[in-house]
Amino acid sequence: MTRWRLEDLADYVRGVAPADRKAAIEADLAAAGPARSAPSAAGGDLPGLRFDVELLREIAAALRQDGATGPSADTLVSVSSILTATASEATPALPTLPLLSVTDPQAGLYAGFRSARHGHRDLEIHGERFDLELSVDTPFDAIDVIIVGRLAPGAEENWGVERVPAILVSGSEVLATSVTNRFGEFHVAAQSEADNVELCILIQGVGQIRVPIDRRDPLFPDRP
Amino acid sequence: MTDNRPATAQDRDDARDAAWSDPQLVDACLAGRQFAWDELIARYRTLVYSVIVKSGGATGEEDDVFQAVWLDVYNQLDRLKSRDSLRAWLCTVTRHKCYHWRLRRHRLPEGLDESWAQTLPDHAALPPETLEGLERAQDIREAVAALPERCRELVLRLFLDDPPLPYAEIARSLGLAEGSIGALRGRCLDRLKHEIEIRTATRAIPQA
């Protein structure tokens, strides 16, 4: 019986062992007992042979599994940005012009209050280096916060709008994460009773946009 | 989490080369170090994803569950009692998330809410042999990450490709003479086996 080196067994597991060596290893495996981690006291180490072959097969399987399955690149970006969104002064906030808040004109201009549009607003945010359009839903009878948005770079900017994290936070708690598609569009939603929900958009190498989400009805801000 | 001092190149290399233990990694995440959070995700993303896939019930939504798991990890990390039990805790958080995800997707009986559902047996519990297999694969991943860089690169080239790469090509990609591959293979595989055995033995010790 042969005391095989790990590199010889690796060749066997990889399928590149010379034919005579492969035959010799297989003959020894056939004679070996169940896998054992330590050499036998009598020498020969046949059960250790089976252990080493199975170990090498496990290594190959584990490494190939890593390459075969896993989350998408977008998901990994989204998950990575969870911490960034709540770290104080992680990236500087981008300067913005005053917020423009545009409500649905049907909400109150015609026949008065229309409950179908209660809890919805459309926002445009213009900054020196970006434009952001948001459609925000905070239904009065639910704790949902639902945002659909589109991010665009300023005219002189050259950063990309794809895969930009868009995260809902409440203080130090992260509620939901998302990333923009290649058009800069995103959808992010969460359930929270908190009054301090913010939308954070993290533009790598540029800065952060933070938009407080005001649940109050823009027409009836004093209504609870 | 408030500290976002720029990471040094050595910090990143140390964390990535698995020189940092799990307790060190957790402490750095709680201190708000982005590179530590990224290393935590990199170190355990395959394990978490594998638990999601094996738990079933989220077919086609694995990425959504994955995001939800890491949200829970982030929000609950400061409540982790034993830093040395990080891996087991991640598996538990993942299984619970899979269970509740599945509950939400199925309508609960009239008049019953999720608190009732939590009295049900935990059908997200994975068979012990499945969990052991996932933990074993994680041992191997961590052992490979702990190898010196040249050994790590060699091991990946030996086992990742199917069909296997010829040794001449492996040597060329590593900048080595083909004749020197043999001795290097032996040393690296022996080292890898030793690293795996350490991790398996450590995992077998009950944590306090």
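Small disclaimer: the values here were computed from a predicted structure and weren't measured. Proteins get letters first, then strands, A, B, ... in listed order; numbering begins at 1 in each. Values below: every heavy atom of this structure, side chains too, minus hydrogens, waters and symmetry copies.
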Next on the checklist: At a 4.5 Å cut-off on heavy atoms, which part of A:L9 comes close to chain B: side chain, backbone, both, or neither?
Outcome noted: neither
Next on the checklist: For the interface with chain A, which of B:P166, B:P163, B:P164, B:A137 has the highest count of heavy-atom pairs at distances below 4.5 Å?
Outcome noted: B:P164
Checklist outcome for this item: So, the part of A:R5 with a heavy atom under 4.5 Å from chain B: the answer is neither
Item to check | Under 4.5 Å from a heavy atom of chain A, the part of B:D63 involved | outcome: both
Checklist entry - Looking at A:L56, A:L175, A:I59, which makes the most heavy-atom pairs under 4.5 Å with chain B? => result A:I59
Next on the checklist: Test of understanding: with side chain to side chain donor-acceptor pair (under 3.5 Å), list the residues that count as partners of A:E26, not counting sequence neighbours.
Outcome noted: A:Y12
Checklist entry - Between A:A60, A:S178, A:G15, A:A10, which residue shows the highest count of heavy-atom pairs closer than 4.5 Å to chain B? => result A:A60
Checklist entry - Backbone N or O of B:R43 within a donor-acceptor pair of the B:Q138 side chain at under 3.5 Å? => result yes
Item to check | Region of A:V174 in contact with chain B, defined by heavy-atom distances below 4.5 Å | outcome: both
Checklist outcome for this item: Per-residue tally against chain A (heavy atom, under 4.5 Å) across B:L71, B:D64, B:I41, B:T46 peaks at B:L71
Item to check | Segment of B:F159 engaging chain A (4.5 angstrom heavy-atom cut-off) | outcome: both
Next on the checklist: Between B:D38, B:V48, B:V69, who has the most heavy-atom pairs with chain A when the cutoff is under 4.5 Å?
Outcome noted: B:D38
Next on the checklist: What's the separation between atom CD1 in A:I209 and atom CG in A:L199, rounded to the nearest 0.5 Å?
Outcome noted: 8.5 Å
Checklist entry - Do you know which of A:N181, A:V179, A:T180 makes side chain to side chain contact (heavy atoms under 4.5 Å, CB included) with A:F186? => result A:T180
Checklist entry - Of the backbone (N, CA, C, O) and the side chain (C-beta and beyond), which part of B:L40 lies under 4.5 Å from a heavy atom of chain A, both, or neither? => result neither
Checklist entry - How long is the span from the OH atom in B:Y44 to the CD atom in B:E142, to the nearest 0.5 Å? => result 4.5 Å
With a cut-off of 3.5 Å and sequence neighbours excluded, list every side-chain donor-acceptor pair involving residues 181-189 of chain B.
from, atom 1, to, atom 2, distance (Å)
B:R185, NH1, A:E7, O, 3.1
B:R185, NH1, A:D11, OD1, 3.0
B:R185, NH1, A:D11, OD2, 3.2
B:R185, NH1, B:Y167, OH, 3.0

Checklist entry - Cut-off 3.5 Å, side chains only: do B:S55 and B:R95 have a donor facing an acceptor? => result no
Checklist entry - For B:D139, is it the side chain, the backbone, both, or neither that has a heavy atom closer than 4.5 Å to a heavy atom of chain A? => result neither
Next on the checklist: Distance check, rounded to the nearest 0.5 Å: A:I125 atom CD1 versus A:L132 atom CG?
Outcome noted: 4.5 Å
